[in-house]
Protein chains: 2
Amino acid sequence: MEPGSRPSGPERPTVIISAAEVGRANRARIVQALADRGPLSRADLARITNVPRATIGSIVKSLLSSGWLEEGQPRPPADGIGKPGTPLWFGRHAGLSGAIHVQPRRVVTAVVNAAGDILSTHRHKIPARTSTEGVVSVILNAAAQEFHHDMDELTGIGLALPAAVDRQTGEVMACTPLPALVGSHLRQRLEDLTQVPTVVEEDVTTLALGQRWFGQARGVDDFAALQIGDGIGAAVMLGGHLLRSRVGLSEIGHTCVDLRGQKCTCGLIGCWETVASNNWLRHTARQLDITTSPKLTPHRLVRLATSGDKAAQGLADMYAINVAVGIANLVQFLALPVLVLHGDIVGGGEYLRSRVEQAVIARTFPAHVSGRVGQLEIQLAHNDADACLLGAAASVLSRTLHIHV
Amino acid sequence: MEPGSRPSGPERPTVIISAAEVGRANRARIVQALADRGPLSRADLARITNVPRATIGSIVKSLLSSGWLEEGQPRPPADGIGKPGTPLWFGRHAGLSGAIHVQPRRVVTAVVNAAGDILSTHRHKIPARTSTEGVVSVILNAAAQEFHHDMDELTGIGLALPAAVDRQTGEVMACTPLPALVGSHLRQRLEDLTQVPTVVEEDVTTLALGQRWFGQARGVDDFAALQIGDGIGAAVMLGGHLLRSRVGLSEIGHTCVDLRGQKCTCGLIGCWETVASNNWLRHTARQLDITTSPKLTPHRLVRLATSGDKAAQGLADMYAINVAVGIANLVQFLALPVLVLHGDIVGGGEYLRSRVEQAVIARTFPAHVSGRVGQLEIQLAHNDADACLLGAAASVLSRTLHIHV
DNA sequence: TTGTCTTTGTAGTGCCCTACTACTTAGCGG
DNA sequence: CCGCTAAGTAGTAGGGCACTACAAAGACAA
């Protein structure tokens with residue numbers, strides 16, 4: 001092959017690793033190993049990483065002196081033989097992140113440590129129909145109040161937005177619930193205010209990071225977090241890394257599952273969202289003469305179904321199948337063994353979860369589901385309320401620690 | 001968050017980076033930078049990597065002495081000012097890989113260097129209806145013949161199979177065209193024969209690697225290679241890494257695009273393959289009374305269409321749309337800017353390609369297609385014939401060089 | 001109480017690798 | 001021949017892990 005003209009991809013700069021970066025990367029790995037597995041002694045870490053204890057000792061020493069880790073009370077080994085190891089765990093003020101979760105009607109802020117403890121949190125209302133400046137000032141004020149105590153301790157601030165975010169600049173590209181946020185230079189303004197590095201992420205992305213660092217997917221390298229409600233979003237981790245293109249948006253809710261289906265609000269045909277969103281649920285409920293006084297949600301649907309309403313049971317089954325179709329596509333494509341559900345669908349509880357799981361299994365090859373992989377697990381998020389907040393903190397950790405050497 | 005019980009994911013071992021690994025990784029990055037961009041001087045490399053020239057000098061020195069790189073004739077810089085740089089490029093016998101491409105009816109072998117030059121190649125027939133032992137012995141003999149000259153120079157052997165392969169063991173899990181290969185311990189037997197480390201990959205995976213190292217996607221970090229013919233397969237690179245779950249198969253051809261569609265041979269409903277495979281093409285042609293004496297292929301279909309056959313034109317449009325639906329899903333999900341097509345569809349030429357591209361654009365959001373991303377590009381593979389062979393070699397390079405530090 | 005066994009944590013040295021500075025080499029043009 | 005620019009190279013410094021040997025801490029038995 002002649003070394004002639006080449007296609008000019010948007011080039012990722014080639015990186016040469018220096019000794020100092022090795023140190024940073026190794027410290028980060030120790031931190032992540034602890035986050036994944038809980039408190040461990042130096043000897044435990046040495047076994048896991050397959051390096052001499054002395055090496056771990058020196059890495060840990062720097063983490064201890066910088067305040068990331070603390071030594072616990074020595075604990076005798078399981079078989080009672082040998083010197084007790086000293087468990088290492090995060091200090092209460094280690095790896096502090098500022099977390100901001102912007103929702104359509106309010107802003108929630110928190111300070112979170114590396115162990116995932118929420119040290120403080122507050123809520124702030126966003127007035128309806130507010131200008132860009134109005135929304136931004138609510139967010140900035142919320143940040144100023146929440147963070148002013150620990151401002152110099154914060155390693156970073158994470159911002160979870162219900163919006164499409166440009167990965168390079170952090171700029172909001174599109175935001176249905178709060179259109180005012182588009183082009184608001186939010187990251188820059190937060191950094192100007194706080195002097196703390198700030199990372200802006202789409203909310204569903206933070207869900208995956210939050211589950212990975214602090215939640216049900218701790219230590220799990222291959223899984224997806226899905227948010228299913230008014231719309232559908234997903235973030236996938238594969239090999240411990242988020243799936244994200246250098247540029248452009250992930251719109252799994254607008255992938256086609258129904259060639260000859262309904263036209264979606266986005267203009268395309270047969271999007272997954274056209275058959276598995278709250279809108280579909282309400283529209284179909286009306287067609288089936290299922291009426292609930294407030295707007296129908298998966299939660300209310302399941303209440304009806306479990307109270308014996310046949311039509312509601314039928315609708316719940318259809319909804320489960322429609323949700324499952326998109327999930328099954330994800331599983332067929334990427335062979336993900338774990339999926340964590342967030343959003344309104346969580347209100348459907350075990351009733352809905354089991355039906356979705358069965359439907360996904362029915363729509364995927366057995367190889368992914370049984371055999372060596374173990375069971376395919378579809379889980380409901382345990383902490384759906386705080387998930388984005390923890391996720392925002394997790395994105396700070398990922399940013400600071402994941403030296404992708 | 002209390003460090004209590006954790007889910008036990010199939011754990012990726014935590015790795016600590018040593019100084020020696022830094023050296024290997026940096027040498028690998030220099031090699032890849034050259035493969036991506038063509039011959040470069042040390043100073044060029046230093047600019048690209050943003051490190052001092054002296055550092056590059058020392059890295060290059062070891063690559064020169066180990067025979068990977070050679071110095072070319074010094075070439076004066078573009079503006080004629082300053083000392084001419086010495087271009088570095090792969091030696092003709094640098095990074096030799098053995099490549100084996102197993103097809104349903106034959107085995108093709110080759111020796112390929114790091115520049116992607118095929119130094120020698122041969123074909124061997126596989127007799128019809130052969131036992132496991134029969135197929136294996138054809139492959140082993142082919143390897144023995146092709147490689148016995150350069151056996152100790154080979155950095156590895158790459159094997160591209162039309163089969164689902166277990167990522168950990170290299171064992172064939174399923175193989176429709178050659179069922180005899182299942183459980184044949186092919187990798188082990190090749191390694192026993194040659195004493196050279198061997199990597200076994202599904203053919204479509206090697207296509208992506210081949211395009212990345214030697215083909216149209218050189219230097220491109222985000223793209224997909226698709227094989228569209230009797231079935232549909234895809235391999236995706238994101239951020240320069242292959243998308244692959246730790247375990248389990250990627251079956252994008254069996255993702256659902258048609259909720260209420262036909263039953264697929266795999267047992268699921270509305271798989272992409274049910275509307276975009278050669279089988280669909282032939283079945284629909286019969287329904288439309290389009291007849292060709294031998295079996296219909298995209299190539300023959302386009303010949304009919306361009307010769308004025310209205311029915312064939314209509315069928316080609318439908319085929320393009322059906323192919324586009326699945327590609328559009330991929331683009332919506334992962335925002336891939338480049339897609340390279342392999343397989344029978346390549347026979348459809350520009351006529352078919354442009355129709356597929358238009359249909360994909362019509363089924364994706366403008367954001368991915370225009371704007372900062374640049375145009376969405378759907379390309380036909382230029383070297384479809386040798387693609388898997390080069391891909392097999394590329395998978396060896398990826399394996400030997402991609403120290404995922 | 002003491003010695004043995006096992007395991008944990010730590011010095012201290014050596015090696016690998018990149019960063020940095022200063023120098024040599026090489027071509028061009030006046 | 002000199003000045004200018006850029007490429008390539010010693011040689012030293014420093015960061016960081018590997019390795020070996022050793023001290024420390026508990027369990028247990030003589």
Side-chain angles (χ1 to χ4, degrees), chain A residues 14-31 33 39-66 69-89 403 405, chain B residues 14-31 33 39-66 69-89 403 405:
Chain A
T14 303
V15 178
I16 293 299
I17 310 166
S18 72
E21 279 157 0
V22 169
R24 278 198 291 277
N26 283 343
R27 282 189 291 274
R29 304 218 177 174
I30 295 302
V31 167
L40 296 171
S41 69
R42 295 170 177 82
D44 292 332
L45 287 167
R47 272 187 294 271
I48 288 172
T49 55
N50 206 28
V51 297
R53 290 192 307 279
T55 301
I56 296 294
S58 69
I59 297 175
V60 163
K61 191 191 295 184
S62 65
L63 287 167
L64 287 169
S65 68
S66 70
L69 297 184
E70 293 177 357
E71 293 186 321
Q73 285 306 310
R75 300 216 296 175
D79 51 0
I81 287 178
K83 174 178 170 179
T86 315
L88 302 164
W89 190 234
I403 327 263
V405 175
Chain B
T14 302
V15 178
I16 292 299
I17 310 165
S18 72
E21 279 157 359
V22 169
R24 277 198 291 277
N26 283 344
R27 283 189 290 275
R29 305 220 176 172
I30 295 301
V31 166
L40 295 171
S41 68
R42 295 171 178 81
D44 292 332
L45 287 167
R47 273 187 294 271
I48 289 171
T49 55
N50 206 26
V51 297
R53 291 194 305 279
T55 301
I56 296 294
S58 70
I59 297 175
V60 163
K61 192 191 292 184
S62 65
L63 287 168
L64 287 170
S65 69
S66 69
L69 297 184
E70 293 177 357
E71 294 186 321
Q73 285 305 309
R75 300 216 296 174
D79 51 1
I81 290 178
K83 173 177 171 178
T86 316
L88 302 163
W89 189 236
I403 326 262
V405 174

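Proteins come first, then strands; the chains are lettered A, B, ... in the order of their sequence lines, and each starts at number 1.
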Measure across [X] and [Y] and return the closest heavy-atom pair with its distance rounded to 0.1 Å.
X	Y	answer
A:Pro87	A:Pro74	CD-CA, 4.0 Å
A:Gly72	A:Thr86	O-CG2, 3.5 Å
B:Arg75	B:Gln73	CG-O, 3.2 Å
A:Ile56	A:Ile30	CD1-CD1, 3.9 Å

Next item on the list: Give B:Ile56 one of three labels, base, sugar-phosphate or nothing, depending on what nucleic acid heavy atoms sit under 4.0 Å from its own.
Entry: nothing
Next item on the list: May I ask you to decide if B:Ile17's main-chain N or O and A:Asn26's side chain share a donor-acceptor pair within less than 3.5 Å?
Entry: yes
Next item on the list: For the pair A:Arg29 (side chain) and B:Ile16 (backbone), establish whether a donor and an acceptor sit closer than 3.5 Å, ignoring hydrogens and angles.
Entry: no
Notebook entry, point to check: Can you give one letter per nucleotide of nucleotides 4-15 of chain C, going 5' to 3': B for a protein heavy atom under 4.0 Å from the base, S for sugar-phosphate only, - for none?
Noted result: --BBBBBB----
Rounded to whole Å, how long is the line connecting atom [atom1] of [X] with atom [atom2] of [N]?
X	N	atom1	atom2	result
B:Leu45	C:dT18	CG	C1'	16 Å
A:Arg24	C:dA19	CZ	C1'	13 Å
B:Asn50	C:dT18	CG	C1'	14 Å
B:Arg27	C:dT18	CZ	C1'	13 Å

Could you go through residues 40-47 of chain B and list every donor-acceptor pair under 3.5 Å that involves a side-chain atom there, pairing it with any protein atom two or more places apart or in another chain?
residue: B:Ser41; atom: OG; partner: B:Ala43; partner atom: N; Å: 3.4
residue: B:Ser41; atom: OG; partner: B:Asp44; partner atom: N; Å: 3.0
residue: B:Ser41; atom: OG; partner: B:Asp44; partner atom: OD2; Å: 3.1
residue: B:Arg42; atom: NH1; partner: B:Glu71; partner atom: OE2; Å: 3.1
residue: B:Arg42; atom: NH2; partner: B:Glu71; partner atom: OE2; Å: 2.5
residue: B:Asp44; atom: OD1; partner: B:Arg47; partner atom: NH2; Å: 2.7
residue: B:Asp44; atom: OD2; partner: B:Ser41; partner atom: N; Å: 3.0

Notebook entry, point to check: Nearest nucleotide by nearest heavy atom, which residue falls closer to the 5' end of DNA chain D, A:Pro52 or A:Pro76?
Noted result: A:Pro52
Note to self: Nearest 0.5 Å, please: how far is CD1 in A:Ile81 from CG in A:Asp79?
What the structure shows: 5.0 Å
Notebook entry, point to check: Which nucleotide of DNA chain D is the first, and which the last, in the 5' to 3' direction, to come under 4.0 Å of a heavy atom belonging to chain B?
Noted result: D:dT5 to D:dA18
